[in-house]
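Here's the structure, in structure tokens; my notes come after.
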Amino acid sequence: MLRLPKFELCTPTTVAEAVALLAESPDAMIVAGGTDLVPNMKHELFTPSRVVSLAQVRELRGICRNADGSLAIGAMTSLAEVAASELVRAQAPALAQACSLVAGPQLRTMGTLGGNVLLDTRCQWYNQTYFWREALGFCMKKDGEVCHVVKGGKNCVAAASNDSAPPLMTLGATLEFASPRGRRAIAIDDFWVADGIFNKKVERDEVLVSIQVPKAPAGHRGAYGKLRDRGSIDFPLLGVAVRLDLDAQGAVEHADVVVTALAAQPKRITKLDAILRGQRPGTPEFEAAVAEAAALAHKQCKPLPNIPGDADYRRDMVPVYVKRTLLAASRGEGPVHHV
Amino acid sequence: MRGMGEYQLEVNGDTQPVSAPDHWTLLEVLRYRLGLTGSKQGCDKGDCGACTVLVDGKPVLACLTLARASEGRAITTIEGLMPAHLRAGGTGADPLQQAFDRCGALQCGFCQPGMILSARALLDRCPQPSREDMRDALSGNLCRCTGYTQIFEAIESAVAEKLQLQPKLRSWEAQRAAKESTR
């Protein structure tokens, strides 16, 4: 039996109230769906004296289309709602697919999009009970100094494991935060840092309010692929988000691929747009370009043994999943997963 | 007192006063304050689905839900199914519970409360689910005994009973029929 450490629970009903409660206590933490923070607290990875639950803040829920055609998704909208939303499925298919593959049905009902964006990084030496971690002598991410993944390593390499981050990056999403200093917006591309201990540019007193997804062009195609051990419950061993924008003639105008669960931050495959641009899906030239793009992704991705699953296997699956996900996106299909 | 909560939870149609520490999960309050031990404490960290309860009709994990954050929501545990069925004019246990019993869809029984509640939520939103729908709906509930086949057959049996359809042959009946036809 895993008990939670003691804390005081606050249940504000407005964002302003939540911001004030957070500012009052220097070690307060926010809980949204609780599917990440609660197990982590049970493992004594976090022991805040105050927990601010956003469960009763209605203004943070829901999906709507702005006047300019972009989508505003409230941070507390559940992953199940995002996955089922007709608006999201039509305008941001990769995001809907990624949310539909997070964990299992109960966890998607509880877990929120905001919570998934702000998910703590994961590592097989970190997501363990206090007893387990103490027996090992702890690690640099929590309570210790060494890294068990890279012997003698100076930087934490725990893996970004949020399925929603790669599609949001391909979609050019923006995150909106509220704090005692007012509101600010940051592009999700600029949000990450290569530090597994804390891989996000967010202050402790900030509350994620909404995720803004710009309007995609008419020929937009997207898909998400997820490598996992089981068909449910699991975090990704590899996540691949694809964006293909086709022009009026059906040729690729813009291509983007972002992978995750390999290192501390999601990674964009560079120089890929040049390979795919101008190709028409369904032609042999497109298939050859996809194979070339997959080989390029393999060259750029070097996963470490940070999360369960053989690192060599995960690396070998990068080109397989990039290829399958690109092909699925070009046909307007997806999600991609073999279990 | 700081960190202590006095609040009310709506459990199985009744409003229950609760006095518990803030850091208690819904599962702890159900089991150790309200005496509703039907919801099981399995992995206690969101993997196994044994603690599944319905909140506003949707299956969630009680072991990861902070009890006080569930104030104002309608909570249904396995104990609430039969009373709800009786209130709706039925007789005996919930038809799904009867089907699980009829089909031998359990061995040790530990996963059953969660399985039945996930299945109940499925049938409430989709009265005639396919095997694929059942697989998806129960994919967050682990069973280490039955291999799931009898659980799916129990749901099919409950659906057949409700819609007055001819129930499909169960896996062992189909195998026996195939053997006899070749004899």
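Proteins come first, then strands; the chains are lettered A, B, ... in the order of their sequence lines, and each starts at number 1. All heavy atoms count here, side chains included; hydrogens, waters and symmetry mates do not. Given the structure is predicted, the values throughout are model-derived calculations rather than measurements.
Within the 4.5 angstrom heavy-atom criterion, only side-chain atoms of A/I233, from C-beta onward, approach chain B. Using a 4.5 Å cut-off between heavy atoms, B/T52 touches chain A through its side chain atoms alone. Contacts of B/T65 with chain A are made by both backbone and side-chain atoms, with heavy-atom separations under 4.5 Å. Only the backbone of B/A137 comes within contact range of chain A, with at least one heavy atom under 4.5 Å from a heavy atom of that chain. Looking at B/P21, neither its backbone nor its side chain comes within 4.5 Å of chain A, counting heavy atoms on both sides. Residue A/R108: no heavy atom, backbone or side chain, is found under 4.5 Å from chain B. Only the side chain of B/L66 comes within less than 4.5 Å of a heavy atom of chain A; its backbone N, CA, C and O stay farther away. Using a 4.5 Å cut-off between heavy atoms, B/C63 touches chain A through backbone and side chain atoms alike. For B/E71, the parts lying near chain A are the backbone and the side chain together; criterion is any non-hydrogen pair under 4.5 Å. Both the backbone and the side chain of A/K6 have a heavy atom closer than 4.5 Å to some heavy atom of chain B.
Around the CZ atom of A/R58, the shell of radius 6.0 Å holds no more than 12 heavy atoms that belong to other residues, nucleotides or ligands. Atom CZ of A/R3 is surrounded by more than 12 heavy atoms from other residues, nucleotides or ligands within 6.0 Å.
Contact between A/L107 and B/L64 at its shortest, heavy atoms only, is CD2-CD1, 3.9 Å. Shortest non-hydrogen contact noted between A/L2 and B/K45 is CD1-CD, 4.0 Å.
Contact check for B/D136 versus A/P105: no side-chain heavy atoms found under the 4.5 Å cut-off. Side chains of B/K58 and A/Q106 form no contact here, defined as non-hydrogen atoms less than 4.5 Å apart. Between A/K42 and B/D44 there is a side-chain heavy-atom pair separated by less than 4.5 Å.
Chain A forms the most heavy-atom pairs under 4.5 Å with one residue out of B/L61, B/L138, B/T25, and that residue is B/L61.
Counting only distance, with no hydrogens or angles, the side chain of B/D22 and the backbone of A/L9 share a donor-acceptor pair below 3.5 Å.
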